[in-house]
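One structure is given below, encoded as structure tokens.
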Protein chains: 2
Amino acid sequence: MARNDKREEIVRAARELIAENGFHGAPMAMIAERAGVGAGTIYRYFENKDVLINELYGGIEDRMNQIIMDGYSTETPFRGRFLHIGTGLLRYFIEHPLDFRYLEQFHNSPYGVAVRRDKLLGNREGGCNAFKELFEQGMAQQVLKNFPLVILFDLAFGPLVTVARDHILGFVTLDAAMIVRTVEACWDGIKR
Amino acid sequence: MARNDKREEIVRAARELIAENGFHGAPMAMIAERAGVGAGTIYRYFENKDVLINELYGGIEDRMNQIIMDGYSTETPFRGRFLHIGTGLLRYFIEHPLDFRYLEQFHNSPYGVAVRRDKLLGNREGGCNAFKELFEQGMAQQVLKNFPLVILFDLAFGPLVTVARDHILGFVTLDAAMIVRTVEACWDGIKR
DNA sequence: CCTATCGGAATGAACGTTCATTCTGTAATA
DNA sequence: TATTACAGAATGAACGTTCATTCCGATAGG
């Protein structure tokens, strides 16, 4: 196996296992086994488990942002822009349940809280600058309800995350139409 | 210390530690220490850690439902009823951050998913029968958007949970007025 | 009223297991 | 041959749980 293949296999195995079983259900030995490498080999590519976990997160975030932002134009009216981002996000979650599960694990852990804090304080480049811009402009132009930015985020994306989770857990099944209707409902929540 | 005091101390310590550090940051030895009892003593009151965790959850849920449902009347119009429940929930979260953190830990774990599944399948009495009734009636009377019940729940309460988390993490500060406005926005999301 | 006996509550050291990480000998590569 | 990469055994820390022992209040006997 080539050097890069090995690294990739480790990443893949770790992502799968953590998404399926959580951080504590994914011991390094198990990751190594699924990746088809020795336990010690992982440490040739990642300093320790924390580094591996954080790097995984970054990779998922990057890919997600790229897909969501594809075709996004600041020329579109607010509602259309919001629907673009919202449906893109929800679709991504549903089409990549492993990534979604991983992100949930990550956000509900000290790792994730730290990242979020950094983002809010501006110490870290957020992939969601587009949202921020959208919301700030929307409020300024009285299209959106006047709320602290954080609350607007929560109103808009809180339901999407929850809905995605329920879909992935099998509590409900979302088709393309239902995705759109759900995001439209979120828009109703934030629009003036 | 009387027998009941000891049990109560164990419950208190476990709730605090799990809320603060998660299930894996709250070893039995640490719980025992904070409760001021021996490690083995816990096992005189709870068969094992799982039982302790589930019993804690039940207690929190019961107290929460009691507070939220206080003053609730099925005579009130839909919007008023929703605001009652929504603001009650959000207030409870904010006033009992430890409980909120505990519930989050719980729901993002196999324990919580199992409970949720039971509730949806009707195998378990949900304290949220009031919500269910409210939403079903609301849809039947065309006051609410027509969605699968689960999605309606998510649209309504997803943002509340997210907002509460951000408040507790210090990312935003909600006063009484903001709580009401936030729940009103959730209503806008689900109303026709 | 004092002391001996008793039973369950409480204890914390010890156990077996699991984990992240390190170490070591071997194989591949140059 | 010298160097690097590797696998997997070894390591030690941390965990949930157990269990032989201690503690303590109640009761009985003198």
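Convention: sequence-line order gives letters A, B, ...; per-chain numbering from 1.
- The aromatic ring centres of Y92(B) and F100(B) sit 6.0 Å or more apart.
- Atom P of nucleotide dT18(C) and atom CD1 of I31(A) are separated by 17 Å, given to the nearest angstrom.
- Atom CD1 of I42(A) is separated from atom C1' of dC19(C) by 13 Å (rounded to the nearest Å).
- Judged purely by distance below 3.5 Å, without hydrogens or angles, the side chains of D50(B) and Y111(B) pair a donor atom with an acceptor atom.
- Whole-Å rounding puts the E33(A) CD to dG8(D) P distance at 10 Å.
- For the OP1/OP2 pair of dT11(C) and a distance below 4.0 Å, the side-chain nitrogens and oxygens of Y43(B) include no atom meeting the criterion.
- Listed for the R81(A) side chain is no donor-acceptor partner under 3.5 Å among the backbone atoms of A130(A).
- As a whole-Å value, the separation of K49(A) NZ from dT22(C) P is 14 Å.
- Along DNA chain C, the nucleotide nearest to E47(A) and the one nearest to M30(A) differ in position, and the one closer to the 5' end is contacted by M30(A).
- Comparing dA5(D), dC15(D), dA13(C) against the side chain of P27(B) picks out dC15(D) as the nearest.
- For I53(A) and dC19(C), the CD1 to C1' distance is 13 Å, given to the nearest whole Å.
- Contact annotation: T41(A) does not reach the phosphate of dC6(D) (side-chain N/O to OP1 or OP2, under 4.0 Å).
- Here the P atom of nucleotide dT22(C) and the CZ atom of F46(A) are 16 Å apart, to the nearest Å.
- A cation-pi geometry, defined here as NZ or CZ lying under 6.0 Å from the six-membered ring centre and within 45° of its normal, does not hold between R79(A) and F82(A).
- Between the CE atom of M28(A) and the C1' atom of dA7(D) there is a distance of 15 Å, rounded to whole Å.
- The distance between atom CD1 of I10(A) and atom P of dA5(D), rounded to the nearest whole Å, is 13 Å.
- Distance from the side chain of R44(A) is smallest to dA5(D) among dA13(C), dT11(C), dA5(D).
- Out of dA5(D), dA9(D), dT11(C), the shortest distance to the side chain of K6(B) is found at dT11(C).
- Nearest to the side-chain atoms of V37(A) among the listed nucleotides dA13(C), dA7(D), dT21(C) stands dA7(D).
- Stacking of R116(B) on the aromatic ring of F171(A) is not recorded, the 6.0 Å distance cut-off and the 45° axial limit not both being met.
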